[in-house]
**Student:** 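Dropping the structure in here first, questions after.
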Number of protein chains: 2
Amino acid sequence: MKKILIIGAGLSTSYLIDYLLDNAEKYDWEITVGDISEEMARKKVNGHPRGKAKIFDINDDLESWRSIAYADVVISMLPAHMHHLVAEKCMDLRKPMLTASYVTDQIKSLEEKAIRAKVPIMMELGLDPGLDHMSAMNVINRIKENGGTINSFYSFTGGLVAPESDNNPWNYKFTWNPRNVVLAGSGVSRFIHNGMYKYIPYHRLFDRVLKRKILNLGEFEIYANRDSLKYREIYDLKDVPSIFRGTIRRPGFCKAWNVFVRLGCTEDDYIIENSENLTYRDFINAYLRYEPTMPVEIKLQEYCQNAADPVVFEKLKWLGIFDKRKIGLKNATPAQILQKILEEKWKMDPQDKDLILMQHEFKYTIDNEDKMLVSAMAIEGVDQNQTAMAISVGLPLAITTKLLLTGKINHKGIVMPIHKDIYKPVLTELETFGIHFEEKEYMLG
Amino acid sequence: MKKILIIGAGLSTSYLIDYLLDNAEKYDWEITVGDISEEMARKKVNGHPRGKAKIFDINDDLESWRSIAYADVVISMLPAHMHHLVAEKCMDLRKPMLTASYVTDQIKSLEEKAIRAKVPIMMELGLDPGLDHMSAMNVINRIKENGGTINSFYSFTGGLVAPESDNNPWNYKFTWNPRNVVLAGSGVSRFIHNGMYKYIPYHRLFDRVLKRKILNLGEFEIYANRDSLKYREIYDLKDVPSIFRGTIRRPGFCKAWNVFVRLGCTEDDYIIENSENLTYRDFINAYLRYEPTMPVEIKLQEYCQNAADPVVFEKLKWLGIFDKRKIGLKNATPAQILQKILEEKWKMDPQDKDLILMQHEFKYTIDNEDKMLVSAMAIEGVDQNQTAMAISVGLPLAITTKLLLTGKINHKGIVMPIHKDIYKPVLTELETFGIHFEEKEYMLG
């Protein structure tokens with residue numbers, strides 16, 4: 001019998017845990033869910049005969065050593081900054097570890113230890129990062145194997161609200177960590193276009209959107225992700241002259257969001273004085289010049305051109321930013337205040353479903369012909385538990401765990417799912433869950 | 001005989017050293033100038049019989065202890081981040097210390113030690129910070145003593161090129177640290193207007209200028225300094241509903257500078273790929289969309305509205321930003337590249353003179369009348385050694401040193417020149433050097 005330890009029983013873990021429990025009998029697994037809240041863990045295991053729930057605190061050295069020593073494989077669903085604590089112990093005890101999070105410098109520094117321990121630290125196994133790597137590498141390697149040369153790689157992902165639940169003027173709701181949405185894009189964004197490096201400072205990011213139709217889901221817009229360049233090395237695209245990664249939103253989102261960026265409301269590195277007692281209206285007015293004879297609405301439209309567009313203005317007004325309601329947050333940063341305002345309006349209702357979109361676009365040359373291949377996928381959530389986000393983060397991770405436990409893969413060190421023996425079986429099994437990349441090919445020129 | 005140790009013999013120290021040497025005979029002083037370069041120190045002392053030059057390295061513990069122990073007072077002209085090293089040693093040896101730099105948290109943490117040592121750490125004794133405090137407090141205290149209530153305090157300072165040397169389209173040259181000019185304003189700027197806190201994010205800072213005529217020197221524009229709020233406490237203006245501090249430039253500067261801010265060229269937290277081999281034109285193009293059929297000039301005008309103004313465009317073109325000259329800086333940040341471009345064009349010629357401007361504006365109520373008092377000052381440099389900057393940084397510091405050595409002042413702990421016994425005699429003596437605040441009073445309403 002193989003023993004799986006899942007650390008952390010948070011929001012995004014239900015689909016992962018369910019998959020492993022569903023397969024436990026067939027593969028002879030025992031699944032232990034550990035969380036600082038035993039109740040949370042117990043809820044996720046839900047009395048399954050193959051499942052156990054226990055208190056787990058990574059800072060309790062003795063207990064966490066004992067739990068990890070007992071396991072054959074460890075899946076860390078802790079907040080990203082805590083993975084390295086788990087990883088250190090896993091390497092000491094020579095246990096493979098899997099997460100859905102980014103390879104950080106801290107994790108990277110454990111590479112040698114992992115190789116010496118002859119076990120993998122398998123990272124970036126969720127949606128983005130995760131499924132993006134798998135589905136991109138699947139096409140990249142196929143084009144290369146067929147003798148093609150890739151000239152351009154664009155890749156977009158978005159977490160949105162499903163069309164049938166899309167009932168607000170922003171065509172957007174929080175389907176994931178609201179704080180990350182508010183801070184999205186801060187810093188400079190870089191990409192490369194025809195061999196030229198391009199930089200977009202944060203305050204211009206939402207000015208420079210691409211437009212796309214995706215599948216049969218209508219129109220979307222895309223803003224650049226922070227670092228498109230690191231994928232050149234990871235995907236072995238070093239000589240590809242155009243690489244761009246972006247985030248998908250519904251049309252009009254960026255033009256309206258840009259008003260907050262231009263005002264300065266998305267900044268997170270200072271405190272708004274007396275934030276607790278200000279009203280939403282005061283908050284907006286704090287970014288506008290003093291002019292007591294002019295309404296905040298007019299001053300805003302004068303200061304941020306986008307706000308003068310009636311479609312944008314409607315979005316802003318709908319959020320309640322001109323209301324005289326109190327913020328009620330002590331010592332809050334602008335981003336924290338904005339998050340609070342948005343959470344009231346962008347929260348998912350109990351019956352709402354989310355939608356994950358991913359699209360890769362490859363331009364390549366083969367047999368002296370220039371072609372374009374578009375590979376696109378959509379996942380819709382089932383309900384509030386089985387969200388598209390939980391499914392698409394949990395399934396690739398769960399399937400990779402199965403591949404590892406059944407001896408189908410055998411990597412060492414820090415591993416990302418860019419290897420064929422990982423992504424092929426994962427993508428194949430995902431098809432059985434209805435997660436399918438639709439490919440269309442075009443001739444260029 | 002009193003012994004003065006001046007640590008650091010950099011650019012801004014000549015006027016300070018000359019003043020002290022000129023007064024050395026009269027007050028029986030011996031002046032030692034210490035620098036890591038003995039030659040630099042020797043040049044500044046220039047063979048004066050009361051002067052000595054020596055190698056001084058604050059990291060050489062033994063020697064620096066010995067030098068400080070020998071002195072009666074220490075003036076640190078080292079880079080700001082090194083003052084605390086000097087201060088620690090001064091406090092251990094119970095020697096008063098003076099600098100022209102801001103009180104940092106590191107310096108603040110020495111307050112108790114200074115009080116126990118019964119000696120002062122006298123900070124912010126230069127121009128800005130320094131003369132700004134002295135001249136503002138002089139008026140603030142006078143208004144208060146006369147029974148007035150201050151309702152508004154605006155204060156502006158600028159380091160510019162003198163009118164007779166003002167021969168470029170920016171009406172600006174580097175008269176001080178170029179790096180600080182390129183990075184000026186980064187972060188959020190805060191002030192308070194009629195009791196309302198106002199915030200300007202960096203990317204909007206140069207959009208929001210005030211216009212002023214100053215003395216008989218014509219028109220100027222002013223952009224907000226980062227933190228106007230800290231002066232409320234320092235100047236004891238806690239109940240004053242409007243406080244604003246700003247930096248003075250010639251009209252049109254900010255509109256053109258804003259193009260660089262909007263592009264993202266003033267950022268300093270990432271490296272431009274292959275910066276060494278890019279041309280100036282490539283650098284600008286790195287911030288513009290890829291569109292090989294369109295010249296960089298046109299793309300820039302489309303992307304940054306201000307650049308479409310012919311007056312602004314002329315300024316930009318004059319800097320050579322569209323040239324195909326190589327940058328030649330390895331691993332440079334955008335700000336470093338921009339600084340290099342600017343230094344070629346904004347450098348002071350040997351015969352050029354600089355100009356320091358300062359203006360305070362007080363609105364106050366006295367005997368039920370609303371009044372406004374404007375206090376303004378201009379200093380013009382004499383030559384490249386006796387710049388207005390060196391004079392206005394060095395003189396207040398030198399005069400304060402004299403006050404200390406002649407027993408006229410006797411403070412302990414961290415001291416700023418906001419006390420009457422400091423600012424009164426300093427301002428009075430500055431008048432003899434032609435540094436004079438001209439006051440005009442107006443009735444309001």
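Proteins get letters first, then strands, A, B, ... in listed order; numbering begins at 1 in each.
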**Student:** Grab the two heavy atoms, one from A/Tyr199 and one from B/Ile271, that are nearest each other, plus how far apart they are.
**Tutor:**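 The pair with the smallest heavy-atom distance is OH-O, 4.2 Å.
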**Student:** Whether the side chain of A/Arg204 engages the backbone of B/Gly264 through a donor-acceptor N/O pair (distance < 3.5 Å, no angle test) should be reported.
**Tutor:** no
**Student:** Check whether B/Asn274 gets within reach of chain A through its side chain, its backbone, both or neither, counting any heavy atom under 4.5 Å.
**Tutor:** neither
**Student:** Any idea which heavy atoms bring B/Lys198 and A/Lys299 closest together, and the distance?
**Tutor:**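 B/Lys198 and A/Lys299 have their closest heavy atoms at NZ-NZ, 4.5 Å.
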**Student:** Among the options A/Tyr303, A/Tyr197, A/Tyr202, pick out the one with the most heavy-atom pairs lying under 4.5 Å from chain B.
**Tutor:** A/Tyr303
**Student:** Determine whether more than 12 heavy atoms belonging to other residues, nucleotides or ligands lie under 6.0 Å from atom CD of A/Glu302.
**Tutor:**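 Yes, CD of A/Glu302 has more than 12 neighbouring heavy atoms, counting only those of other groups under 6.0 Å.
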**Student:** Can a donor-acceptor pair be found, under 3.5 Å and without considering hydrogens, that links the side chain of B/His203 to the backbone of A/Val261?
**Tutor:**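 Yes; judged by distance alone, with no hydrogens or angles, the pair exists.
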**Student:** Of the listed residues (B/Asp269, B/Asp207, B/Asp282, B/Asn285), which shares the most heavy-atom pairs with chain A below a 4.5 Å separation?
**Tutor:** B/Asn285
**Student:** Is chain A contacted by the side chain of B/Glu273, its backbone, both, or neither, given a heavy-atom distance below 4.5 Å?
**Tutor:** both
**Student:** To the nearest 0.5 Å, what is the distance between OH on B/Tyr287 and CZ on A/Arg208?
**Tutor:** 11.0 Å
**Student:** If you measure from CD1 on B/Ile200 to CG on A/Leu263, what distance do you get to the nearest 0.5 Å?
**Tutor:** 12.0 Å
**Student:** What are the two closest heavy atoms between B/Pro201 and A/Arg262, and how far apart are they?
**Tutor:** CG-O, 3.8 Å
**Student:** Taking atom NZ of A/Lys317 as the centre, report whether more than 12 heavy atoms of other residues, nucleotides or ligands fall under 6.0 Å from it.
**Tutor:** no
**Student:** If you measure from OH on B/Tyr290 to CD1 on A/Ile192, what distance do you get to the nearest 0.5 Å?
**Tutor:** 11.0 Å
**Student:** Would you tabulate the side-chain donor-acceptor contacts of residues 184-191 of chain A under 3.5 Å, counting partners in other chains and residues two or more places apart, or write 'none'?
**Tutor:**
unit_1	atom_1	unit_2	atom_2	d
A/Ser186	OG	A/Leu183	O	3.2
A/Ser189	OG	A/Asn225	O	3.4

**Student:** Rounded to the nearest 0.5 Å, how far apart are CE of A/Met196 and CG of B/Leu288?
**Tutor:**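 Taking CE in A/Met196 and CG in B/Leu288, the distance rounds to 9.5 Å.
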**Student:** Heavy-atom count check: over 12 atoms from other residues, nucleotides or ligands less than 6.0 Å from A/Glu291 CD?
**Tutor:**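 Yes, because the 6.0 Å sphere around CD of A/Glu291 holds more than 12 heavy atoms from other groups.
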